[in-house]
Amino acid sequence: LIQSDMMQAKLPRGGGMHLQTLLRTDRLIGVSTGNGFFITSGLVATNYSVVEGAATITVTWAGQKGAATVLSQDAANDVAILKVSDWEQQVVPLPMGDPEMVRIKDTVYTVGLPASPKEGEGFITDLKKLAGDLRLFQVSMPIQPGTSGGPLLNSHGRVVGVVSAKLGAAYASQYTGADPQDNNYAVKSTVLRDISPVDISPLFPLAPTMSEPLPYEELMKKAVKGIV
C-alpha cells in the first residue's frame with residue numbers, strides 16, 4: 001500500500017472522539033509482477049502480458065528500483081520491450097543467440113526472479129509446433145509464473161527465446177484441449193529484433209557459437225546478473 005491510500009478520520013466513541021486509520025478502497029489498483037531481462041544496458045525484454053494496461057512500470061535489478069516505459073509491444077507473441085535509464089553503466093546484458101540454430105533435444109535453461117532465483121533445465125521438444133507456427137519453441141520444463149517473461153537460454157548462456165506461460169495456456173485451449181502445464185512455449189528471440197524500433201540486429205550472432213558449453217553453475221551465475 002502507498003501512503004496516499006491511507007487516511008485518518010475522527011470517529012465518535014462513547015462520550016468523546018478518537019482517531020481511526022482507514023483504507024481508501026476507491027483508490028486501490030491492481031499490481032502484477034513478472035520477469036524480464038536486459039538485451040542492452042537500457043532495454044529490457046519481457047512478456048506483453050506482464051505490462052499490459054500498466055499505468056506505471058517499476059523495474060527491480062540488483063536490489064535497486066527504476067522506472068520503465070514501454071518502447072514496443074506485440075500482444076500476439078506476448079513480448080514487449082521496455083526502456084530503462086537508471087543503470088546504463090552497470091548492467092551487463094544477456095548475449096543473444098541464434099534461434100535458427102536450435103535443434104530438437106537441445107538442452108535449454110530458464111531463470112527467473114520472483115523472489116529468489118528460480119531455475120529450470122530441460123530440452124527442446126518441437127521447433128514449429130501447432131498450425132506450423134515457426135515463431136515458437138516447445139520446451140520440456142514447465143513455464144511457471146516465476147520464470148515467464150524471462151529468457152530461454154542455450155547451453156552457451158545465450159538468449160534464444162522469451163518464455164511465456166500465457167502462450168502455453170492459449171495454445172492448449174485453442175488447439176489441443178490439453179493441460180496447459182504440458183504445453184510450455186518460448187517465443188524465438190528474433191521476434192524482439194522484429195518489433196524493436198531501435199536496431200538491435202547487431203546483437204545477434206552472424207555465425208554459430210564455436211565455444212564449449214558453459215557449466216551449469218557458471219551459466220546461471222551469469223544469467224542472474226541480467227534478470228529483472
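Positions are given from 1, in the same order as the sequence printed here.
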For Ile227 and Ala223, which heavy atoms make the closest approach, and how far apart are they? CG1-O, 3.2 Å

Within this structure, what is the CG-CE distance for the pair Asn184 and Met141, rounded to the nearest 0.5 Å? 8.5 Å

In this structure, CZ of Phe137 is separated from CZ of Arg135 (nearest 0.5 Å) by 13.0 Å

Heavy-atom distance under 4.5 Å between the side chains of Asn35 and Thr46, does that happen here? no

Student check: side-chain heavy atoms of Met96 and Leu192 closer than 4.5 Å: yes

Looking only at non-hydrogen atoms, find the nearest pair between Leu94 and Pro151 and report the distance. CD1-CG, 3.7 Å

Can you confirm whether more than 12 heavy atoms, excluding those of Glu212, are under 6.0 Å from its CD atom? no

Could you tell me which residues satisfy side-chain contact (heavy atoms from CB on, under 4.5 Å) with Thr69, sequence neighbours excluded, listed by chain and number? Lys83

Student check: side-chain heavy atoms of Val70 and Leu82 closer than 4.5 Å: yes

Do Ile39 and Val159 have side-chain heavy atoms sitting under 4.5 Å apart? no

For Lys105, what residues pass the side-chain contact (heavy atoms from CB on, under 4.5 Å) criterion, not counting sequence neighbours? none

What is the distance from atom OG of Ser201 to atom CG of Asp194, rounded to the nearest 0.5 Å? 10.5 Å

Report yes if the side chains of Val111 and Lys222 come closer than 4.5 Å at any heavy-atom pair, otherwise no. no

